[in-house]
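The basis for the numbers below is simple: all heavy atoms, side chains too, and nothing from hydrogens, waters or symmetry mates. Protein chains get the first letters and strands the later ones, always in sequence-line order, with residue 1 at the start of each.
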Amino acid sequence: MSIMVDGESRIVVQGITGSEGSFHTSQCIEYGTQVVAGVTPGKGGMLFEEKVPVFNTVSEAVEKEGADVAMIFVPPAFAADAVKEAADAGVRLAVCITEGIPALDMVEVVAYCKSRGTRLLGPNCPGVISPGKAKVGIMPGFVHQEGSIGVISRSGTLTYEAVDQLTRLGLGQTTSIGIGGDPIPGTSFVDCLEMFAEDPDTKGVVLIGEIGGTAEEEAAAVIADDYPLPVVSFIAGSTAPPGKRMGHAGAIIAGGKGTAAEKMKALSEAGVTVVDSPSVIGQAMTEILSG
Amino acid sequence: MSIMVDGESRIVVQGITGSEGSFHTSQCIEYGTQVVAGVTPGKGGMLFEEKVPVFNTVSEAVEKEGADVAMIFVPPAFAADAVKEAADAGVRLAVCITEGIPALDMVEVVAYCKSRGTRLLGPNCPGVISPGKAKVGIMPGFVHQEGSIGVISRSGTLTYEAVDQLTRLGLGQTTSIGIGGDPIPGTSFVDCLEMFAEDPDTKGVVLIGEIGGTAEEEAAAVIADDYPLPVVSFIAGSTAPPGKRMGHAGAIIAGGKGTAAEKMKALSEAGVTVVDSPSVIGQAMTEILSG
Amino acid sequence: MKLHEYQSKKLFQQQGIKVPEGGVADTPAAARAVAEDLFGKGASRVAVKAQVHAGGRGKGGGIKLASSPEEAELFTEGMLGTSLVTPQTGPEGVQVRSVLIEAGADIATELYLGVTLDRSNQCAVVIASSEGGMAIEEVAAEKPEAILRELVDPGWGLQGFQARRLAYGLGLTGVPQRGAAKVILQLAQLFQDLDSSLVEINPLIITADDEVVALDAKINIDDNCLFRRPDLVELRDLSEEDVLEVEASEHNLTYNALDGTIGCMVNGAGLAMATMDEILLAGGSPANFLDVGGSASAETVANAFRILMKAPDLQAVLINICGGIVRGDRVAKGIIEALDQVEVNVPVVVRLQGTNAEEGRRLLAESSLEFTLAETLNEAASKAVEMSQ
Amino acid sequence: MKLHEYQSKKLFQQQGIKVPEGGVADTPAAARAVAEDLFGKGASRVAVKAQVHAGGRGKGGGIKLASSPEEAELFTEGMLGTSLVTPQTGPEGVQVRSVLIEAGADIATELYLGVTLDRSNQCAVVIASSEGGMAIEEVAAEKPEAILRELVDPGWGLQGFQARRLAYGLGLTGVPQRGAAKVILQLAQLFQDLDSSLVEINPLIITADDEVVALDAKINIDDNCLFRRPDLVELRDLSEEDVLEVEASEHNLTYNALDGTIGCMVNGAGLAMATMDEILLAGGSPANFLDVGGSASAETVANAFRILMKAPDLQAVLINICGGIVRGDRVAKGIIEALDQVEVNVPVVVRLQGTNAEEGRRLLAESSLEFTLAETLNEAASKAVEMSQ
């Protein structure tokens, strides 16, 4: 089993004809993902790689190809509209890779998606992969392996790092999810923890947080409340100075709040195994599962 | 039994210190309605008629007096905000008497109330009365009598007319509801029909419609689908010319649609006893119930 | 409240929607001057369009194409001051007081675009159709599949993707598709900004060089918003409206003229319609719809009486008041006051019920004036009909 | 992006929020002229306020009250060109380049008002407190009950009743209550209109004659919206920002200066932070945060390298790239190109993983340049720390 996406998922790629969109669509197809349609306004009627039909609107892709998951590579100026289009067209999951969307646009988009019953993952995220089943995102597929660990992270590359370790230690993943580094993410740690708790194949969860906001503290509250799976966590940004945005729009220590130390404390108190180096995430999980 | 309001309902009156608000609040209290609070911004701290506390905000009225129904007499320019305030404060029912609220304000208000889980009745309506229990509105209480008929109407005075007849014929009412004459009402005929269907004491429904819109046709569709109670209906406006707004903002035959004839046809076909004069509504209901 | 085409087009332009170049004129000479300017700028012909609130002008001879300034002047002369009869006016027509002179357009495609309230879905709706130039009701009846609709979410407004979806749905591609999508968003915004009840472009044209232009323009404003829109109130053309209706609205009364003989004064729109219906059933004919409203004072009722008495062919008056928010005593005082000031030479039937009705009936009975009192609506209608014959 | 107080107040005024009369000056003489004008208009004293992006100016001597134009000139002279150290700056402070001279206000009540993003509730939030003048974080810590909050619904915006609720909650009544409610709505609108991440008035004062005035003003703009707001980009004061950070942002790189010795070049913000953390764990200290971003081309990476080399105290460079959307081959090309152009006199440790990493490593190995390659993050950090000592 897995969460969010699997071999049955039918993907429509918005922005399929752009440079990043086309590169990563190819990679997803190569991984074995069912990419059933693409959307680029004005390019309706063409075929991507001579097989994937491109439409002018997401509605058409949903009606004609039964797409149920959207992957969005649309530039920031048009991304909010693209996500809303996906939600309105009725996809159950919209994965927004785009970085740099204004926060107030996201406030609106997140509420819009909720009103339409669509789960939004991201923006500014690497996407989601259920190894061996489907990759809907930009993560390097080959570091992943099918297995029993759920991975949730606000980071992209740091997640690949952690997954690489897990795989090398023989710990495959049910699903690995990047929730993204923006202050207003569509899907939270808590959402993912709840989904993993209901997945019979997931035996442990790796949670990779970072400075800024209170998403890790909210996750800690859920875990403290009898969470059924062991959780290993690393929080990036112990060395980050306050008041500076560390790359991610959401990674900022503001008004003395959102430090790595606070988050690690909350998670530790909730029973999470918190490690102080990303290099030992895999090792820590191995010890828990074998102990 | 009754629907919407009963003796347990705790009313807060918004605009209680205005001319219409104070007059009708007194009438409601005299009828026996539990008016527990009033709201007029800037007049917080005073007492209405030496017994009903007045607050600056609806939240306070809800917190301190446990109000669960709002009756709104606020002028059109401020009415939309007042209804939203009531919904946000958590009342379960907001009865908006105010006439002349811009339609686009109501589009927003109706959606806002839905998002907060508050039922809105009105605007531009006489309110609701459950005879012998509570009167939340401006209808003359004395024409009503407790009994087993549910009354729903887009009109105010025409409803008093119909109720007066019913009462004289010994047909009391469970609840009589004016849904209002505006094009965007918070509560529809269909909503009321469904509530009456679930009320064990209601044995028959009187539905008073008028030209404009398709609310009667939608009601007919619900009645045609095995509606459990007998329905008697009168549609006002057979003599109304097309394209003219007949007083109510919603009472207009537009593009050849919304005529009385169409509505009567739809209701007749759904099994409703449609009468061509308001004078015989009571008589028709008596015949059905005794036949 | 309806706006004229030329007023609507000015608002369109402010929103960025392209309209044909032109100008309004209320004399043949002025029309010629506008036309000369347009021909001088390269127009090969100009349209002369009667500025009246009724639609269907084309069928009534209210739109003509002129090939020269002289012809434009001639057409204008033929329209100004005449009564224009269209499918949307009565047989008496409406008087033409001004014309709009516009450069003719090179039409490649004609579309329909409108925004109005969707009462069932309780939100605004954008309606588009590839069948431009036809009345949308006719298209709906004859070719419903040619009508596209996008609901406007009250919280979010019309979205870019919805405008694109409509434009693609109209069969457009490339530059016209993008141009039409833009106009769709602009029109939806205008609808919202103006508190409209209807904005309509019929036809919206695509020109031979891919421009998207509003060839016609119609804007109706929600009367309920006028209290906060003095700018829009200024655009009101009272000469297009019935004088008695205007006078009534100044007194916060709702009045519609009809062609019968029994004047009606009722409180509440529903009861007013029902009273009219009842008069018809009793064999009479109502002279008007008149709602004294939900909070009528003695003064309001007196004003209502004055307006009522001005109707032609009046043979009787039926006053039907069922008290709710209106109090019977106030109404009675208004009636008595009005009859002190207004000469009444027809019989007056009064029916008073509801809040403070007893007090009202007492006041009427105690006055020195003559009324026929009635108990039920049925009885009141019968008496009025009887007295009108 | 932060705005200066005087810029923020101009935007406040455009929104209708009252601010004290005043003017900005960048010389003592200009300050005196502004002060003379204010005294001439009846001011009994003026405030001289250093215009720097850091908060807590009052505690650092950045706000002074002058009783005469001469004193205003003197205070300005004492501030301009000096380094102002406040609780929010480093010990090195920030340079004062201009001052705002304002008429002193007659304060009856000091309040706090701010609008910012509520990340947990995923919407904007209006924060108000009766404890004006204090940092809101301190109020939150010491007197949390004095803080009022109203969430702004994304679909509907801040409602009138919410503004009233806040104003009453602050203990206001009558004219000041209505005035404050109005300012609350205006500020929420400004937050939305400017794509802000923070707008703050601290203190918002009620004057002795019941006026509501923004005595201070702070606006931060969401950097992600600047692509669509050229008007706001113009307000950017680059002199307040770190030169390397500015240069980096021009190349779409995210760079933050730190005071360590090991330069970091990483793709992805999380991995960049983790790399810094790992360097610390290995006994070293990072010289910077540098994220080459999610779509770095060879050119971007070369630019990143140039910025990196300008940092002081640099003893080693650690390049850590884990390919996802970034491709290893591009990064390798960027490194090779950059090292062709930039003089590098410190050891460079490179770790390359993920998409096209093998190809990237091959390119690096085949080049004539010297790198220390590492397999794991741990190993890379250790090697860099070792080489920096």
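- Considering only heavy-atom pairs separated by less than 4.5 Å from chain D, the leading option among A/Gly212, A/Ala260, A/Ala254 is A/Gly212.
- If you measure heavy-atom distances from D/Ser120 to chain A, the contacts under 4.5 Å come from both the backbone and the side chain.
- Using a 4.5 Å cut-off between heavy atoms, D/Ala272 does not touch chain A at all.
- Look at D/Glu137 and A/Lys257 and you find no salt bridge, because none of the NZ, NE, NH1 or NH2 atoms lies under 4.0 Å from a carboxylate O.
- Contact annotation for A/Phe234: only side-chain heavy atoms (C-beta onward) come within less than 4.5 Å of a heavy atom of chain D.
- With a 4.5 Å cut-off on non-hydrogen atoms, D/Gln122 touches chain A through its backbone and its side chain both.
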Exercise for review: May I have the step-by-step check of side-chain contact (heavy atoms from CB on, under 4.5 Å) for A/Leu267 and A/Ile235, ending in yes or no?
Suggested key: CA-CA 10 Å; A/Leu267 288 164; A/Ile235 305 296; 3.7 Å; yes
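- A distance-only check finds a donor-acceptor pair linking the side chain of A/Thr286 to the backbone of A/Gly282 [under 3.5 Å].
- Interface remark: of the candidates A/Ser155, A/Ser279, A/Ala77, A/Ser279 forms the most heavy-atom pairs closer than 4.5 Å to chain D.
- Both the backbone and the side chain of A/Pro185 have a heavy atom closer than 4.5 Å to some heavy atom of chain D.
- Chain D forms more heavy-atom pairs under 4.5 Å with one residue of A/Pro183, A/Ala111, A/Ser115 than with any other, namely A/Pro183.
- No more than 12 heavy-atom neighbours from other residues, nucleotides or ligands sit within 6.0 angstrom of CD on D/Glu358.
- Minimum heavy-atom separation, D/Val126 to D/Ala188: CG2-CB, 4.5 Å.
- With chain A as partner, the option from D/Ile136, D/Leu377, D/Asn256 having the largest number of non-hydrogen pairs under 4.5 angstrom is D/Asn256.
- Both the backbone and the side chain of A/Ile184 come within less than 4.5 Å of a heavy atom in chain D.
- The contact between D/Asp222 and chain A is made entirely by side chain atoms (from C-beta outward), counting heavy-atom distances below 4.5 Å.
- For D/Thr254 (side chain) and A/Gly247 (main-chain N/O), no donor-acceptor pair under 3.5 Å exists by modelled atom type.
- Between A/Thr157 and D/Gln353, the side chains place no donor N or O within less than 3.5 Å of an acceptor N or O (distance only, hydrogens not considered).
- The number of heavy atoms from other shown groups lying within 6.0 Å of CG (D/Asp242) is above 12.
- The shortest distance between side-chain heavy atoms of D/Val52 and D/Thr89 does not fall below 4.5 Å.
- Using a 4.5 Å cut-off between heavy atoms, A/Asn124 does not touch chain D at all.
- When heavy atoms are compared at a cutoff of 4.5 Å, D/Leu258 approaches chain A solely by way of its side chain, counted from C-beta outward.
- No side-chain donor-acceptor contact under 3.5 Å links A/Arg116 to the backbone of A/Lys84.
- Neither the backbone nor the side chain of D/Glu138 comes within contact range of chain A; no heavy atoms are under 4.5 Å apart.
- By number of non-hydrogen pairs under 4.5 angstrom with chain D, the leading residue of A/Met246, A/His248, A/Glu210, A/Lys244 is A/Met246.
- Options A/Val110, A/Asp164, A/Asp105 differ in how many heavy-atom pairs under 4.5 Å they form with chain D, and the most are formed by A/Asp105.
- Between D/Glu240 and D/Lys2 there is no salt bridge, since no side-chain N of the basic residue sits under 4.0 Å from a carboxylate O of the acidic one.
- Of the possible polar contacts, one joining the A/Glu262 side chain to the A/Thr259 backbone as a donor-acceptor pair under 3.5 Å is found.
- Looking at D/Thr275, there are no atoms closer than 4.5 Å to chain A (heavy atoms on both sides), in backbone or side chain.
- Interface residue A/Pro278: backbone and side-chain heavy atoms are both found under 4.5 Å from chain D.
- At a 4.5 Å heavy-atom cutoff, the contact between D/Phe191 and chain A is made by backbone and side-chain atoms alike.
- Under the 3.5 Å distance criterion, the side-chain polar atoms of D/Thr376 are matched with a main-chain donor or acceptor of D/Glu379.
- Residue D/Arg229 does not touch chain A at all, counting heavy-atom pairs closer than 4.5 Å.
- Contact annotation for A/Ser238: both backbone and side-chain heavy atoms come within less than 4.5 Å of a heavy atom of chain D.
- Ranked by heavy-atom pairs under 4.5 Å with chain D, the first of A/Met106, A/Gln27, A/Glu108, A/Glu218 is A/Glu218.
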